[in-house]
Amino acid sequence: MGKKRVMVPAKELDLSTVKYEKETIQAPHLTGSILKLFVRIIEIPIIGSLIISFMKKENNMVEMLQNTEIPEKPMFTPEFPPQVRNLAEFLCDIKPEAEPSVVIVDEEGKPTDRVESALKCLPHYDPASCWSGDTLPSFRYWKIRDFAYAYRSKLVTPSKIAEQIITLVEGCKYHKAPTPLLISFDAEDIRKQAAASTQRFKEGNPLSILDGIFMAIKDDIDCYPHPTKGASTWMHEVRSVEKDAVSVSRLRSCGVILIGKANMHEFGMGTTGNNPNYGYRTTRNPYAHERYTGGSSSGPAAIVASGLCSAALGTDGGGSIRIPSSLCGVVGLKTTYGRTNMGGTKFIVFAMIYLRRSLCGSGTVEIAGPIASTVEDVILVGGTWKILVNWCFRNIAKCAEAFSRYAAILGSSPEDRISLKPSPPCLPILSSPENVNILGSLQLGKYTEWFNDVHSTDISDVCEDVLNLLSKSHGCKTIEIVIPELHEMRIAHLVSIGSESLRSLNPDIEDGKGVKLNCDTRTCMALFRTFTASDYVAAQCLRRRIMHHHLEIFKKVDVIVTPTTGMTAPKIPPSALENGESNMQVSGYLMRFILAANLLGLPAITIPVGHDKQGLPIGLQLIGRPWGEATILRLASAIEELCAESRRKPASFHDILKTKLESIDSLTVPGNRELSSDSDEAFFSAMLLFTTLDILELTFIAIAYCNYVSS
């Protein structure tokens, strides 16, 4: 008696009565042999259930899921207003105008029309500013367009870059500590891909601006001939890889060179990147090798941060793109749920959920997306990849040529068109003169008590400084907001992702593979087995309530701003290398600001904005409205520009493009001579559109440019 709790309907909740409660997680921190013993105990029938039930009660899960009456009906997948116009009408009760300085591409339009739209979005590329050491920040990542310029200017070839990467990967002994970035790596396969790309450039026929760009694929996405293991020791035994995932296949069609399968937290069931499989396989943070990268996309983030690749593909079901991107000082994008159509693909998305037998779209919290060193490259790669998996978020407008080649397959799946009714894809024109005014009109929502609930005030101080810079430089206004029921949101996400994960993994566990899982994975599975059907339905009722709260917030603001994580990269306990680690307090800090984007399907991006007193990267997160990728990308680009001088070179960084250029004595590197930006930009733009020129015209352009260089 007296245990029942009745929640007020979400629409009637008085926000003035909401008080922020700091998150406290009651769970032991276990590593090494103690963790192994704990796992064996909780897997004992009855005894294990009693222990987990006690821990759930200590964390108020039983009260929320079993003793609370939730008036809302369940929302089993994120549900959004159907279109951009309808969203604005729904939120503001006004007839909206189209957002200025964006290109909305007709999903049913001709490819030629889409190419014309893409060309209007192509930002200015100035070789003088990009290659001259006098004008560059103290540290700068090479962008995709820098590689494209170097290839097309014949300063270097993909084959020469490939040899540099192979040497570095083999030198660090990728299969051993301390830098196990790749789980699967084939030097000869990389050479073969690079040789084909080099030949295409030699013939003047590169496939796209992505031709010769090196990328890594997280080990939960099929990339033939590499096995897909999910960083486990056994998954390849029950599932063979016969061909590329559709996304990977299309990237190959663009000329992308795939260097192998990147490391990750086993089956994505963790936030640190810890993985003792194959002998101390935990990926190390490029900024400090004694610290975690974050997870579960640990390998992709570390590979990009260390300079080995321009970009990588990761997955995100509970921050698995944004957490490692933030801890490693790079950019990571999580798109709106349904923006990326994963139906019909052969790859599997873990990000804390394993979907081997069913289509990837059967999960309700996960997406797959890009990790890159810059916002521009996230837009370019993210747009390319989304197009190639039959979706319509056309960020590939940054690359008009690639867009022209693959725009014909644009369009959402029939199921998603019916259920989600996605808005028309739009792309911010970042080079538009109107961009500054648009930025100045943005309203940024900040829940101060939540914003400041971090492990170190270095994080909140740096992020606060960025908001002040945005206000001073662009006139962005920060508005105080209140986000109710954050604790309930964490529970709803845990039950949702845990139930879906158990459903997918359980057949193999029951078939004897469970004992081969890591200790922290087995701990998660023991918890997930205690969730009931009633718990799952209650979690989905909470999802609807929390969606209502966020849509109400978006009536007042355009973007919600938070630190990406509540702490910077945590240290790796030596005892965790052999048997793993279970540290719910650390996971709580790392996931503190992450979960709304996954549970509610909202778009979110993390941008590096500075460092703490120990020199570890700090990320700022932008959470947007459903289908609001254009807004958060526009704002992220502005933030990146404001924070450019604050970026620092990681302790482990490989400047593969500069190294190869410096080794070529017979060529004059653009950064070492005075450049005419007009002539070089004209050349680069012409090369981008080379598919519209015949061989004779290409020859004349090449001769003219060579004459200019020699003069």
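In this chain, numbering begins with 1 at the start of the sequence shown.
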Between the side chains of Thr228 and Lys261, does any donor sit under 3.5 Å from an acceptor? yes
Exercise for the section: Kindly determine whether Phe653 and Tyr141 satisfy ring pair (Phe, Tyr, Trp, His ring centres under 6.0 Å), including the steps that lead there. Expected result: CA-CA 10 Å; Phe653 178 75; Tyr141 282 99; 5.6 Å; yes
task = Evaluate the side-chain hydrogen bond (donor to acceptor under 3.5 Å, both in side chains) criterion for residues Asn263 and Thr283: first the C-alpha distance (whole Å), next the side-chain angles of each, then the deciding distance (0.1 Å), finally the verdict.
result = CA-CA 7 Å; Asn263 203 356; Thr283 302; 3.1 Å; yes
With a 3.5 Å distance limit and no angle check, can you tell me whether Asp316 reaches the backbone of Ile367 through a side-chain donor-acceptor pair?
no
Per side chain to side chain contact (heavy atoms under 4.5 Å, CB included), Asp211 is matched among Pro158, Cys254, Ser197 by Ser197
Heavy-atom closest pair (Phe139 atom, Arg647 atom, distance to 0.1 Å) is CB-O, 3.9 Å
- Would you sort out whether Tyr287 and His611 count as a ring pair (Phe, Tyr, Trp, His ring centres under 6.0 Å), showing the intermediate values? CA-CA 11 Å; Tyr287 280 86; His611 301 79; 5.8 Å; yes
Has Ser298 got a side-chain atom pairing as donor or acceptor with Gly294's backbone, closer than 3.5 angstrom? no
### Ionic contact status for Asp222 with Arg239, cut-off 4.0 Å
yes
Other residues, nucleotides and ligands only: do more than 12 of their heavy atoms fall within 6.0 Å of CZ on Phe201? yes
- Item | Under 3.5 Å: donor-acceptor pair, side chain of Ser240, backbone of His236 | no
In short, Gly318 meets Ile323 closest at the heavy-atom pair O-CD1, 3.9 Å
* To do: May I ask you to decide if Leu210's main-chain N or O and Ser208's side chain share a donor-acceptor pair within less than 3.5 Å?
  => yes
### Task
Would you check if the side chain of Ser637 reaches a backbone N or O of Leu633 as a donor-acceptor pair within less than 3.5 Å?
no
Side-chain touch Lys229/Glu266, heavy atoms, less than 4.5 angstrom: no
Here the pair of heavy atoms bringing Cys328 nearest to Pro286 is SG-CD, 4.0 Å
N-O pairing of Glu376 and Arg145 below 4.0 Å = yes
Q: Would you tell me whether His265 and Ser296 have side-chain atoms, one donor and one acceptor, within less than 3.5 Å of each other?
A: no
Q. Given Arg140 and Asp655, is the salt bridge (charged side-chain N to carboxylate O under 4.0 Å, His left out) satisfied, shown in steps?
A. CA-CA 10 Å; Arg140 172 186 179 273; Asp655 196 338; over 6 Å; no
Between Asn518 and Asn275, is any side-chain donor less than 3.5 angstrom from a side-chain acceptor? yes
> Can you check side-chain hydrogen bond (donor to acceptor under 3.5 Å, both in side chains) on Thr315 and Lys218, steps first, answer last?
Replying inline: CA-CA 8 Å; Thr315 52; Lys218 188 178 178 182; 2.7 Å; yes
Side chain to side chain, Ile257 and Met215, heavy atoms closer than 4.5 Å: no
Between the NE2 atom in His226 and the CZ atom in Phe185, the distance rounded to the nearest 0.5 Å is 9.0 Å
Exercise. Within the side chain of Ser325, is there an N or O that forms a donor-acceptor pair under 3.5 Å with the backbone of Ile321?
Worked result: yes
Closest heavy-atom pair, Asp377 versus Ala372, reported as atoms and distance to 0.1 Å, is CB-CB, 3.7 Å
### Message
Closer than 3.5 angstrom, by distance alone: can the side chain of Asn285 be matched with the main-chain N or O of Leu327 as a donor-acceptor pair?
### Response
yes
Heavy-atom closest pair (Thr568 atom, Pro617 atom, distance to 0.1 Å) is CG2-O, 3.4 Å
Q: For Ser646 and Cys643, indicate whether the former's side chain and the latter's backbone hold a donor-acceptor pair under 3.5 Å.
A: yes
| Does the pair Glu290/Arg284 count as a salt bridge with the N-to-O cut at 4.0 Å? | no
*Check whether any side-chain N or O of Ser297 sits under 3.5 Å from a backbone N or O of Pro300 as a donor-acceptor pair, and report yes or no.*
no
Value for CG (Leu308) from CD1 (Ile303), rounded to nearest 0.5 Å, stands at 6.5 Å
Taking it one step at a time, do Gln199 and Glu203 satisfy side chain to side chain contact (heavy atoms under 4.5 Å, CB included)?
CA-CA 6 Å; Gln199 184 63 28; Glu203 296 171 354; 2.8 Å; yes
Q: Check step by step if side chain to side chain contact (heavy atoms under 4.5 Å, CB included) holds for Ile572 and Leu577.
A: CA-CA 8 Å; Ile572 305 173; Leu577 291 173; 3.8 Å; yes
- Is any side-chain heavy atom of Leu590 less than 4.5 Å from a side-chain heavy atom of Thr272? yes
Taken to the nearest 0.5 Å, the spacing of Ser310 OG from Leu657 CG works out to 8.5 Å
dist Glu629:CD -> Leu622:CG (nearest 0.5 Å) comes out at 12.5 Å
Before accepting this row, confirm whether a basic side-chain N of the pair Glu188/Arg191 lies closer than 4.0 Å to the acidic partner's carboxylate O. yes
Output for pair (Lys202 NZ, Lys154 NZ), nearest 0.5 Å, gives 9.5 Å
Within-4.5 Å side-chain heavy-atom neighbours: Lys334 and Asn598
yes
So OG of Ser232 and CE of Met264: to nearest 0.5 Å the spacing works out to 9.0 Å
Evaluate whether atom CD of Glu641 has more than 12 neighbouring non-hydrogen atoms of other residues, nucleotides or ligands under 6.0 angstrom away. no
What I'd like to find out is whether the side chain of Pro225 reaches to under 4.5 Å of the side chain of Val241, using heavy atoms alone. no
Check for me whether the distance between the ring centres of Trp142 and Phe214 falls short of 6.0 Å. no
Next on the checklist: So Arg291 and Leu616, do their side chains get closer than 4.5 Å, heavy atoms only?
Outcome noted: yes
Are Thr336 and Pro603 packed together at the side-chain level, in the sense that at least one heavy-atom pair is separated by less than 4.5 angstrom?
yes
Taking side chain as C-beta onward, heavy atoms only, is Ile161 less than 4.5 Å from Thr157? no
Quick check: does any side chain N or O of Thr564 sit under 3.5 Å from a backbone N or O of Gly619, one acting as donor and the other as acceptor?
yes
All heavy atoms of Ile259 vs all of Ile190, minimum pair found to be O-CD1, 3.5 Å
